[in-house]
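As structure tokens, the structure follows; a few thoughts come after it.
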Amino acid sequence: MSRKNRAEAVSGWLFTAPVVVVLGLFLLVPVVMAAWVSVSDWRGVGSPFSSDVSFVGAQNYAKILAGGGLDEQNFGTALRNNLWYVVFVVPLQTAVALGLAVLVNGRALRARGFFRTAFYFPSVTSSVAITVLWLFLFSSTGAVNAIVGWIGLHGPNWFNEPTGIFHLGAGTPPAFLADHTMLGISWWEWLSGPSVAMTAFIMLAVFTTSGTFMLLFIAALQNLSSDVDEAAMIDGAGAWTRFWRVTLPQLRPTLFTVLTLGLIGTWQVFDQIYTGTKGAPANTTLTPAYLSYTSAFGNQQWGVGAAIAFILFGIIVVFTLLQRWALKERPVSRRRMRWIEQGGAR
């Protein structure tokens with residue numbers, strides 16, 4: 001390395017040193033401490049590294065995953081609730097954000113600046129304030145309850161119904177689904193879908209996050225070259241074919257970013273639950289992030305709370321890797337090349 005390169009490297013490290021120190025002090029050190037807490041019997045008093053704290057190995061993790069008690073059942077319930085939350089929110093918010101971006105980016109729409117601001121505004125609103133307002137709309141005296149009541153579809157406590165939306169009105173579950181359990185809850189409960197209360201949180205998430213992801217898609221759409229789209233138009237491709245075959249493949253990096261951020265955000269949902277229902281009704285809005293908080297700060301099970309947090313981290317990593325594999329760009333097959341050469345894009 002030349003003297004000039006060494007000087008540039010030293011200058012770079014000097015400029016980044018404050019950020020590295022801050023991240024190491026307030027991010028890396030707490031993560032290491034939490035990792036130790038998850039494999040120890042620390043009770044929240046004194047230092048986790050004191051001599052009276054013992055190493056218990058995977059005992060806290062086993063208590064959650066195979067303990068057979070309330071901790072396992074609560075974690076299974078939280079995982080089921082959050083899984084349905086992810087399944088609904090991530091595709092919906094991505095589709096809505098992409099649709100809004102295409103709409104706002106179109107030349108035919110007037111007052112595009114106004115609509116961009118209007119669609120983005122819910123994303124910058126306080127999550128606590130908007131959660132309180134949203135739940136008020138779904139309360140017994142709220143607007144949603146009144147509108148649905150006019151149709152006569154519910155009773156006064158419909159929002160507190162603990163049954164999943166897929167099992168509303170269902171009879172006795174099949175024996176093979178009711179008798180088999182995973183993480184303390186039956187397969188029938190795993191397939192119940194989100195409760196009415198969790199469905200309200202799903203709609204809230206889509207409403208508040210689509211605007212942010214819309215901006216990412218707008219930036220990507222404005223950086224696309226129009227040459228390929230014009231060539232496809234000359235070849236006779238329709239609007240939907242051009243979008244599906246030309247525009248969407250070019251948005252793959254942005255789509256991966258949006259899906260990744262969506263996965264991370266949905267698996268870490270906490271403030272809406274804490275502000276709104278605190279897991280009610282009947283733990284149907286309980287999430288792993290909120291369960292980790294209540295286990296540590298509420299029940300003083302610090303090891304269990306830390307273990308839940310690291311299990312949640314592992315789930316996010318696994319889903320992100322699976323998503324990266326699914327969206328990975330693959331070489332075009334010979335069959336598809338022949339289809340394109342024969343005018344399949346038309």
(request) For the pair Gln222 (side chain) and Ala219 (backbone), establish whether a donor and an acceptor sit closer than 3.5 Å, ignoring hydrogens and angles. (result) no
(request) Measure from NZ or CZ of Lys278 to the centre of the six-membered ring of Tyr274, then state whether that distance is under 6.0 Å and the direction lies within 45° of the axis. (result) yes
(request) Taking all non-hydrogen atoms of both residues into account, name the closest pair between Thr208 and Ser123 and its distance. (result) O-OG, 2.8 Å
(request) Answer yes if Phe313 and Val37 sit in the same cluster of Ile, Leu, Val, Met, Phe, Trp and Tyr residues linked by side chain heavy atoms under 4.5 Å apart, and no otherwise. (result) no
(request) Provide the closest heavy-atom pair for Asn60 versus Gly303 in the form atom of the first, atom of the second, distance. (result) ND2-CA, 3.5 Å
(request) Assess whether atom CZ of Phe55 is packed by more than 12 heavy atoms of other residues, nucleotides or ligands within 6.0 Å. (result) yes
(message) Could you see if Val31 belongs to whatever hydrophobic cluster contains Met33? Use Ile, Leu, Val, Met, Phe, Trp, Tyr and a side-chain cutoff under 4.5 Å.
(response) yes
(request) Examine distances only and state if a side-chain atom of Thr181 and a backbone atom of Gly184 form a donor-acceptor pair shorter than 3.5 Å. (result) no
(request) For the pair Trp244 and Trp240, name the ring-plane relationship: parallel under 30°, tilted 30 to 60°, perpendicular over 60°. (result) parallel
(request) State, with a plain yes or no, whether a side-chain heavy atom of Ile273 is found less than 4.5 Å away from one of Leu286. (result) no
(request) Establish whether Phe159 and Leu137 are linked, either directly or via other cluster members, by ILVMFWY side-chain heavy-atom contacts under 4.5 Å. (result) yes
(request) May I ask you to decide if Trp188's main-chain N or O and Ser192's side chain share a donor-acceptor pair within less than 3.5 Å? (result) no
(message) Working to the nearest 0.5 angstrom, can you tell me the gap between Asn283 CG and Leu291 CG?
(response) 8.5 Å
(request) Check the pair Thr285, Thr277 against side-chain hydrogen bond (donor to acceptor under 3.5 Å, both in side chains), reporting the backbone distance first and the verdict last. (result) CA-CA 7 Å; Thr285 58; Thr277 59; 2.7 Å; yes
(message) Heavy-atom count check: over 12 atoms from other residues, nucleotides or ligands less than 6.0 Å from Phe166 CZ?
(response) yes
(message) A side-chain contact here means heavy atoms from C-beta on lying under 4.5 Å apart; do Asp41 and Gln59 qualify?
(response) no
(request) Evaluate the side-chain proximity of Pro194 to Ile202: yes if any heavy-atom separation is below 4.5 Å, no if none is. (result) yes
(request) Verify side-chain hydrogen bond (donor to acceptor under 3.5 Å, both in side chains) between Trp302 and Gln300, making sure each step is shown before the conclusion. (result) CA-CA 6 Å; Trp302 299 93; Gln300 300 300 305; 3.1 Å; yes
(request) Report whether Val128 and Ile130 are members of the same hydrophobic cluster (ILVMFWY, side-chain heavy atoms less than 4.5 Å apart, transitive linking). (result) no
(message) Treating Thr287 as the side-chain partner and Val269 as the backbone partner, does any N or O pair qualify as donor plus acceptor under 3.5 Å?
(response) yes
(message) Any heavy-atom pair between the side chains of Phe75 and Leu65 that's under 4.5 Å?
(response) yes
(request) Taking the side chain as every heavy atom from C-beta outward, state whether Gln301 and Asp71 have any pair of such atoms under 4.5 Å apart. (result) yes
(request) May I ask you to test the Tyr61-Phe310 pair for a side-chain heavy-atom distance under 4.5 Å? (result) yes
(message) Taking the side chain as everything from C-beta on, heavy atoms only, tell me whether Leu79 gets closer than 4.5 Å to Trp190.
(response) yes
(request) Group every Ile, Leu, Val, Met, Phe, Trp and Tyr by side-chain heavy-atom contacts under 4.5 Å, then state whether Ile264 and Val86 land in the same group. (result) yes
(request) Provide the closest heavy-atom pair for Thr266 versus Leu263 in the form atom of the first, atom of the second, distance. (result) OG1-O, 3.1 Å
(message) Within this structure, what is the CZ-CG distance for the pair Phe319 and Leu259, rounded to the nearest 0.5 Å?
(response) 13.0 Å
(request) Over all heavy atoms of both residues, which pair between Thr254 and Ala220 is shortest? Give the atoms and the distance, please. (result) OG1-CB, 3.2 Å
(message) Would you say that more than 12 heavy atoms from the other residues, nucleotides or ligands in this model lie under 6.0 Å from the CZ of Phe114, or not?
(response) no
(request) Kindly write out the residues that satisfy ring-ring contact (aromatic ring centres under 6.0 Å, His included) with Phe256, not counting sequence neighbours, or none if the list is empty. (result) none
(request) Indicate yes or no: at least one non-hydrogen side-chain atom of Thr260 is less than 4.5 angstrom from one of Thr257. (result) no
(request) Go through the steps to decide whether Asp271 and Ser127 satisfy the test side-chain hydrogen bond (donor to acceptor under 3.5 Å, both in side chains), and finish with yes or no. (result) CA-CA 7 Å; Asp271 49 349; Ser127 61; 2.7 Å; yes
